Amino acid sequence: MARKSRPTGDPKMSMSRRTFLSAPAALAATGLMPGPLLAAVAAETPGMPDLSSWEAVRAQFALDPSLLHFASFYIASHPAPVREAIEGYRRAMDRNPFHVVEHGMFGDDAQNLPLQVQREAAAYLGGNPEEVCLTGNTTTGLALVYQGLPLERGDEVLTTVHDHYSHHESIRLATERAGASMRKIALFDDSASAGTDAIIERLLEAIGPRTRVVGLTWVHSSTGIRLPIREISAALRRRGGRPLLLVVDGVHGLGSVDETIATMGCDYFCAGTHKWMFAPRGTGLVWASAENWARLRPIIPSFTDLGQYEAWLEDREPSTPTNANRMSPGGFHAYEHQWAMAAAFRMHQRIGRDRVAARIAALNTQCKAGLAQNPKVKLHTPASADLSAGLVVFEVEGVAPASVVEQLLAKGIIASTSPYAVTYARLAPSLVNTPEQVDQAVRAVREISG
Ligand SMILES: Cc1ncc(COP(=O)(O)O)c(C=O)c1O
C-alpha cells in the first residue's frame with residue numbers, strides 16, 4: 001500500500017505528491033527509477049506506427065483473417081500499439097512489481113501513470129485530466145455514478161425503455177437503496193424514423209415534479225440510434241425549474257463519433273474504453289466536471305486520491321470535496337491494461353477523431369444503403385449519419401435474428417444479436433473493415449433472406 005506519496009485530489013493537480021521514501025541509491029540500483037521506468041518501457045515499445053491509410057490501421061489488428069469481423073464494438077481486439085504498451089508494462093512489472101507499481105501509482109506527476117492516462121483521455125475528450133475517473137468498464141462507471149448520487153426518498157430517476165441492462169440495473173439498485181424510484185419511457189415508437197424534435201418533446205413531457213436525474217444512452221446497442229445528446233442537454237437546461245442531472249451511457253459513441261465529449265452537455269459521461277476506443281479489455285472512464293464530482297458519495301476506497309488517504313492516516317473525514325480520483329475504484333488492478341489505455345487514445349488522436357468518425361459513418365451508410373435495397377430487410381437504425389454511428393440493426397423477414405447471425409457465421413461473417421427483450425441482428429462496420437467487406441456482408445444477408 002502507498003505511503004504519503006499518493007496522488008492528490010487537488011483539483012488543479014498542483015501536486016503534493018511526495019517523494020518516495022526509499023533511498024535514491026537503492027532505487028537507482030533497481031534500474032527502475034520512474035524516469036528510467038518510463039524510458040525503459042518506451043525503449044522497449046515501438047513508437048506509433050504509420051496510420052495514414054486504412055490498410056495501415058487494419059494491419060494493427062491480429063484478427064483472424066479468415067473471418068469478417070462485424071462485432072468489434074462488443075469487445076476490442078487490441079491493436080499493435082496497445083498490445084505493445086501492455087507488454088512493456090507487463091515486462092517491467094514482472095521484473096520488479098513492487099517498484100513499478102509503487103512509482104507508477106504513487107509517484108509524483110512525472111512518474112504517475114494513471115495521470116498519464118488521464119491526460120491522454122482528457123485531450124481526446126476535450127476536458128481536464130482531473131475530470132477523468134478511471135474505471136474498469138461502462139457498467140462500473142454507471143454503478144459508481146448512480147450509487148454516488150445524493151438521491152433521497154421520493155426522488156425519481158427518469159430513464160428510457162431503450163437502455164442497456166447495465167444502465168437499468170445501476171439505476172434500479174441505486175434507487176432501491178435510496179428509497180427513490182425509477183421510471184422508463186419510450187423516446188420513440190420507431191427508432192428508424194425518430195427525429196430530434198420529437199425525442200426532445202417526449203423527454204420533456206415525461207419529466208415530473210420528483211425527477212432529479214435523467215439517464216440516457218448516446219448510441220443504443222438495441223437499435224443503433226444515436227441520441228442528439230447535445231440538443232437534449234440544451235433543452236433540459238432551457239426548460240428552467242430545478243436543474244436535473246444528465247447521466248449518459250456513452251460507450252458506443254466514444255471512439256466512433258467526432259465529439260468533444262466534455263462540452264456535449266452530459267453531467268456524467270460513462271463509457272468503457274474497451275470497445276470503439278480499442279483500449280485494453282477491462283478499462284473504462286467516467287467524465288464529469290469538478291462541480292458534478294463534488295455531488296457524489298464514493299462507495300469504493302480510492303488508491304489515487306491523496307486527500308482521502310491522508311484523512312484516513314489522520315483518522316478524520318476527508319476535508320476536500322469528492323473528485324474524479326476519489327470515485328475511481330481502488331485496490332490493485334491489472335495495471336498493464338489500465339496504463340496502456342494511453343496508447344489507445346494516442347492511436348485515435350494519431351489517426352484523427354474526425355477521420356475515424358468519417359470512416360465509420362461511410363461504412364455504416366454503405367451497409368444501410370445496401371440492406372435497404374433488400375425488401376426482406378427492416379432496418380431499425382436511422383439512415384441519417386447524424387442519428388446513428390457504428391451499428392446497423394436489422395431484421396430479416398421470416399428469419400429469427402439468432403438464425404441470421406448463425407447463417408452469417410457459416411459464411412465467415414461475425415455479426416451479433418442485441419441482448420435485449422426484443423432482439424435484432426446487428427452488423428457493426430468499423431475501422432477493422434473495408435468497403436468490400438461491407439458489400440460481402442450485405443450480399444450474405446441477401447442470400448439468407450432468400
Ligand atoms: C449500451 C451499452 N452499455 C453498456 C454496456 C456494457 O459495457 P461494459 O462491458 O463496458 O460494462 C454495453 C455492452 O456492450 C452496451 O451495449
Side-chain angles (χ1 to χ4, degrees), residues 69-78 82 121 132-147 157 159-174 184 187 191 214-227 229 232 246-257 259 261 264 266 268-287 300 327-329 333-334 337-338 341 344-345 360 364 380-381 387-393 401 405 414-428 430:
H69 299 267
F70 282 97
S72 295
F73 71 98
Y74 185 76
I75 187 125
S77 165
H78 298 158
V82 173
V132 179
C133 166
L134 302 181
T135 69
N137 46 50
T138 324
T139 307
T140 305
L142 289 166
L144 288 169
V145 168
Y146 283 107
Q147 291 286 346
V157 177
T159 187
T160 81
V161 297
H162 316 292
D163 308 280
H164 190 265
Y165 159 85
S166 296
H167 200 165
H168 284 162
E169 284 299 279
S170 292
I171 298 173
R172 188 182 68 82
L173 295 170
K184 296 178 196 165
L187 292 176
S191 46
V214 173
L216 299 176
T217 300
W218 190 10
V219 178
H220 293 193
S221 50
S222 45
T223 62
I225 192 171
R226 161 157 55 118
L227 291 191
I229 296 291
I232 290 174
L246 176 60
V247 181
V248 173
D249 171 350
V251 67
H252 294 300
L254 181 68
S256 71
V257 177
E259 250 301 356
I261 281 155
M264 200 163 62
C266 310
Y268 302 95
F269 179 91
C270 309
T273 47
H274 52 190
K275 296 180 191 280
W276 295 90
M277 284 309 301
F278 303 126
R281 294 179 283 267
T283 61
L285 57 79
V286 181
W287 175 87
I300 300 177
M327 290 299 294
S328 183
H333 294 293
H337 274 218
Q338 190 183 76
M341 281 172 80
F345 280 94
I360 292 171
N364 278 267
H380 290 282
T381 309
L387 285 175
S388 58
L391 293 162
V392 178
V393 181
V405 169
I414 300 185
S416 63
T417 52
S418 48
Y420 293 80
V422 178
T423 184
Y424 302 123
R426 300 181 294 191
L427 286 166
S430 73

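Every number for a ligand or one of its atoms is a count from 1 in the order of the listing. If you're wondering where the values come from, they're calculated on a predicted model, not measured in any experiment. The figures that follow rest on heavy atoms only: side chains count, while hydrogens, waters and symmetry mates do not.
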Set of side chain to side chain donor-acceptor pair (under 3.5 Å) partners for [X], sequence neighbours left out:
X: D163; value: T159, T160, T217
X: T223; value: none
X: S166; value: T139, H164

Quiz item: Taking S256 as the fixed residue, which of W218, W276, F73 is the one that meets the side chain to side chain contact (heavy atoms under 4.5 Å, CB included) rule?
Solution: W276

Quiz item: Is there a side-chain contact between H167 and Y146, using heavy atoms and a 4.5 Å cut-off?
Solution: yes

Please tabulate, one line per pair, the protein N or O atoms found under 3.5 Å from any N or O atom of ligand 1, giving the distance to one decimal.
unit_1   : atom_1 : unit_2 : atom_2 : d
ligand 1 : 3 (N)  : D249   : OD2    : 2.5
ligand 1 : 7 (O)  : T138   : OG1    : 3.1
ligand 1 : 10 (O) : T138   : N      : 2.9
ligand 1 : 10 (O) : T138   : OG1    : 2.6
ligand 1 : 10 (O) : H274   : NE2    : 2.8
ligand 1 : 11 (O) : T138   : N      : 3.3
ligand 1 : 11 (O) : T139   : N      : 2.9
ligand 1 : 11 (O) : T139   : OG1    : 2.5
ligand 1 : 14 (O) : K275   : NZ     : 2.8
ligand 1 : 16 (O) : S221   : OG     : 2.7
ligand 1 : 16 (O) : H252   : NE2    : 2.7

Quiz item: Under 6.0 Å from the OH atom of Y74, do we count more than 12 heavy atoms belonging to anything else shown?
Solution: no

